[in-house]
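Order of the sequence lines sets the chain letters (A, B, ...), proteins ahead of strands, with each chain counted from 1.
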Amino acid sequence: MEYKFAEIEPKWQRYWEENKTFKTVDDYSKPKYYILDMFPYPSGAGLHVGHPEGYTATDILSRYKRMKGFNVLHPMGYDAFGLPAEQYAIQTGTHPAITTQKNCDNFRRQIKAIGLSYDWDREINTTDPKYFKWTQWIFKKLYDTYFDEEQQKGRPISELVIPEAVKVQGEEAVKTYISEKRLAYYDNAQVWWCDSCKTVCANEEVLTDGSHEKCGHQVVRKNLKQWLLRIPHYGERLLSGLEGVDWPEGVKDMQRNWIGKSTGAEVDFRIDGLDKNLRVYTTRPDTLFGATYMVIAPEHALVNEITTDEQRSSVEAYIKAAALKSDLDRTDLAKEKTGVFTGRYAVNPVNKELIPIWVADYVLMGYGTGAIMAVPAHDTRDFEFAKEFNIPVICILDPKNAENRDEVLAGDACWTEDGEYIRSASAETGLDINGLNKTAGIDKTVAWLEENGLGKATVNFKLRDWLFSRQRYWGEPFPVIHWEDGEVTLVEDENLPLQLPELEEYKPSESGESPLANAGDWLTVTDKNGRKGRRETNTMPQWAGSCWYYLRYIDPNNEDSIFDGKKEQYWMPVDLYVGGAEHAVLHLLYSRFWHKVLFDLGVVSTDEPFQKLFNQGMILAFAYETSTGAKVASDLVEEKDGKYFHTETGEELRQIVAKMSKSLKNVVNPDDVIERYGADSLRLYEMFMGPLDERKPWAENGVKGVFNFLARAYRFFANTENIVEGEEDKEVAKLLHQTIKKVAFDIENLKFNTGIAALMMFNNLAIKKGKVTKATARTFAKILSPYAPHMGEELWSMYGDTETLAYEPWPEVDESLLQEATYEYPVSFNGKTRFKIELPVDMPKEEIEKTVLADERCAKWMEGKTVRKFIFVPKKIINIAIG
RNA sequence: GCCCGGGUGGCGGAAUUGGUAGACGCGCUGGAUUCAAAAUCCAGUUCUGGCAACGGAGUGCGGGUUCGAUUCCCGCCCCGGGUACCA
C-alpha cells in the first residue's frame, strides 16, 4: 500500500478536468458562496510557495462549502498588464502579449498541479480585449459621472444642474464647469516621474524615501497633462462603508488613515495693509487666542503679494531653495524647521492683534488651504518652529493637573491635550471661551466665526486625486480622442474595445510620451467633417484591470454587457476575499471606489464589493550567508548539531529568516515540493505551518512531517484488511465525530492548522486500533478531502464509489456520541493542579465536595490547613482554596 | 513620533477566549526490525533537583485584580507591518 502520490494526483486532476467537476452553474435555488483569491501578476519566475498559501485556504473552504450544499463561485485569473513584460519587449522585441501568454500558461500549469478546484471556464485575463473592453467602458462611466454632494452619490453628468451664474458666462464656462465635476478629468498635474520606468506613478506608489516601489529608483516632480480620478469625492462614503464589512481592524485602520478625514474650520485672517484675506484651515479653532504667527507654504498663490520689498530677496531665496529640495528633504530628513518672515502681518480675527506671516516649507500646499495659523503653545510643530525663531509662545489652555503644568503655563512646553482656557477672551470682538474645555471651546468658536462671517466648519481629507495614466504601452488604452480644436471625446461603446496597435519599438519616446506616440496609423483619427484628432497615448495603470475583475468572473463571456444583472444580484457581494496585506490600501481602496460609483449608477447591487476580507501572512524562508554576507543557496547547506556549513567549502554559515527572493537564493518553488512530496503534502504543509494570517518560515522538514501523516493514513486506509464491516469501536466512533466537528469548525474559522492536527489524531487512533469500519473509513475520506483532495478521491473510489466525492454531503455529527458520563477533574489547591479524579458529570456540587475532600490524596495538601473555599466548575475544574 | 499586529519548549505552533500550559508536527534520545543502511514501528522528550517516588520554577519584564491569569487591568522592553511636518 505504498503512497504513490505521483500516480494518484495526476489521475484525479485529469478526472476533474475531463468531467468539469468544478464548473459553477447559476443555480439560484441553492445558497451561494463567492470565494475569491487575489489574482496574481503572472511573472516570468512562476509561482513560489507563497502564492498557494491563500489559494489552498480558499480551496479548502470552497470544497467544504460545496459539501455543505452551497453553490460556490471560486475563480482564478491573471492581472497581466504590467511593466516586466514591456521591459522584456524593449530588450528583445518580443511582443508583451506573447510573453504574457507564456507566463499565464506556466501559472495555469503550476496552479492546476496543486489540485485547486477553480472553475477554469471562468478564467479571465486583464489583457484580453474582451475583458478590457469593459475596463474602458467603466472609465467612460467615470468620465460621465459627477458626485452630488447633497445626495452623497454619484450621478450621470447629464443630470448635472448648471448654475445660472455659470450659464451667463457662456459655453466655455459651462464646459469648464462640467469638466470640473467629472470623476475622471484630464489636466495639468504635478506628478511623480520615474526616469527608470519612464513613466509617472501615483503618490501611493512612491515610498517614503522617495523611491519608486516598482523599481527602487528615485522619482522626480514633473508637470504633465494627465488623467486623474476624483476619488476624494467618495472620501466620506469610503470611510463609512468600512463600518459594515467584516475586515481585519488593522486594514480598516490603514484605510481610515489613508483617507485621513479631519474636521476643523477655515478661518479668514485680514492681511494688514492689503485688501485681502488669508484663509487657513485648522482643526483647533479654539486656540485662535494663542496664535502668534502664521505660515504659508512656499508655493502659496499669495506669497508674492504678501512679501514686502524689504523681505523680498530673502523670501525669494527661500522659495527657490525649497523648490530645489526634494520632497524627501522637505519632509523626512528635515528635522530642523526652516522659514523666513515675509515682512507682512495678519489680523487675528478673535482679538484684532497683529501677527507676523512667515513662509516655511513645513506647511504643504497640497493640504487644506496651504496656510496655517500657528499656535506654538498647543501644537508641537509650531512649538519647534517658534523656538527656532524666537517667536512668542502664549499658553491659552491650562493643563490643570499635568506634571509639567508650570512649564506649559510659562510657554516653555507644548500642550496638545485637553484643559481649561485662559487668556481667551476679547472685549473688542465679544468672544470669550475662558473656563471651557476643548470640545466646548471648539464649538463656541466655530459658531462665533460663522455668525461673524469669518470662517466656517470644514472637513478635509488627506486622500488626493488618483493619478490614473501611465506613459506605457502594455496597459489599457484610454478610449479618448483629443481633437485639433481642443475638444475631447470618448470612443463610442460600439467601437470598444479600443485595442493596442502593433508597434516596431516599445521604447518610450524621448519626450517622455508613451510608446503609443509612435503608432502612426492608430494615433490619428479623422471625423466625418474632416476634423483631425489624436488618440490618447497614455495607458491606464495596472490597478485598472484589478479594480473590477471580481465582477467579470460572474459572467466572463458576456459580449453584450459587462455582466448579466440577475447573475450579479445572485453572486455579489464576494463572501470571502483572501490575499496579501500589501494590498490593504491601494487595490482595496480603488476597487471600493469604482464599486461605489457603479453602485450609484445602478450597475451593481451592493455598496461594498467584499463582505469579508482576510490577509494571509507572508511565507518567509531560511537563507544562509557566509561571514562576509555572501548568500549561499539552500541546497549547498548542511546542518550539523544546530550549526550550518557550506557543503563544498565547509565554511560555517549564518542562518537568517527572510522574504523569499532571488538575491537571497531562498526561493522555494512549488513544482519541486510537488515532485518530492506531492500536491496534497504541499497543500497540507501550507496550512499546517501556523495560523493563516501570520508570517512564518518555510521548513522542508515540516513538509516531511505532513507527508508522513498522509503516507501513514494511506497505508492504513487503503489497506482493505483494515476496513471491516460491523459496529464501530466506541472510542473510534467518539473521536471520529469529535474530529468531524473540529475540522468543520476550524475550516469555517479559517483555522486550518488545528484542523489538520485533529485529522492526525484520528489517524493515530485508527492505526493504534488496527481496524475501522467501512463507514468510518468513508467518513474519514470525506473530511480529509478538502485538505488532501487527491487522496480523498482515491480512497473514496477504493471504497466502491464511482462519482467524485466533491459534492458528497459533509458528514453529520452525532452529538450523542460526544456525551460523556464522567469527567476527569483536575483537582488543584490554590490554583496548583495536584491530582485528577474521575467523577460523574451529573453529580451535584455537595456530593462532589464530599467525595473530593474524602479522597486520601487531599490529606497531604491540606495538612494543618483549612478549606477556605471550594470551587467547582462543571466539566472544567475543581479548585480548593486553603490557608 | 503616531497607529496596528506579535513575543509560549531546541524549532513551527496548540490551549474552542478566566479553568489541567506545551495538543499536533519537526528535531533529538533510547529500543525493535535489518548483515547494514534507508524506510517503518514502539517508548521518552518544558527547564530544574532526584535512581525513583515526588518536588520546585515556568507563557518577554515589573506590578495588580481573582479561588485560579498565556488569557483581564496598569507600567515597561523587544520584534514585525503601516504611516509620517495632513495643521
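- Distances shorter than 4.0 Å separate none of the side-chain N or O atoms of A:Arg715 from OP1 or OP2 on B:A39.
- For A:Asn701, no side-chain nitrogen or oxygen approaches OP1 or OP2 of B:G12 to under 4.0 Å.
- If you check every strand for non-hydrogen atoms under 4.0 Å, A:Lys462 touches a base.
- Within the structure, every side-chain polar atom (N or O) of A:Asn257 is placed at least 4.0 Å from both OP1 and OP2 of B:A84.
- Put simply, A:Asn708 has a side-chain N or O that comes within less than 4.0 Å of OP1 or OP2 on B:U40.
- Heavy atoms of A:Asn753 sit under 4.0 angstrom from primed sugar atoms or phosphate atoms, though from no base atom.
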- Might you work through the side-chain contact (heavy atoms from CB on, under 4.5 Å) test for A:Trp698 and A:Val703, ending with a clear yes or no? CA-CA 9 Å; A:Trp698 185 269; A:Val703 190; 3.7 Å; yes

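- Taking 4.0 angstrom as the limit, A:Arg695 places none of its side-chain polar atoms (N or O) nearer than this to OP1 or OP2 of B:G13.
- Note on A:Asp746: nothing from the nucleic acid sits closer than 4.0 angstrom, heavy atoms only.
- Between A:Lys337 and the phosphate of B:A87, there is no side-chain N or O to OP1/OP2 separation shorter than 4.0 Å.
- For A:Tyr367 and B:A87, the shortest distance from a side-chain N or O to OP1 or OP2 is below 4.0 Å.
- Within 4.0 Å of A:Arg256, counting heavy atoms only, lies no atom of the nucleic acid at all.
- Residue A:Lys836 is classed as a base contact, given a heavy-atom separation below 4.0 Å to a base.
- In terms of phosphate contacts, A:Thr754 brings no side-chain nitrogen or oxygen within less than 4.0 Å of OP1 or OP2 of B:A23.
- Residues A:Ile747 and A:Tyr787 meet the side-chain proximity criterion, which asks for heavy atoms closer than 4.5 Å.
- In RNA chain B, the stems built from three or more successive Watson-Crick or G-U pairs (distances below 3.5 Å) are B:1-7 with B:77-83, B:10-12 with B:24-26, B:27-32 with B:40-45, B:46-49 with B:54-57, B:60-64 with B:72-76.
- Donor-acceptor pairing under 3.5 Å is lacking for the side chains of A:Asn708 and A:Tyr3.
- With a 4.5 Å cut-off on side-chain heavy atoms, A:Tyr685 and A:Met689 count as touching.
- Rounded to the nearest Å, the gap between the P atom of B:G64 and that of B:C54 is 33 Å.
- Phosphate proximity of B:G5 to A:Asn615: absent, as no side-chain N or O sits under 4.0 Å from OP1 or OP2.
- For the P atoms, the distance from B:G81 to B:G75 is 26 Å, rounded to whole Å.
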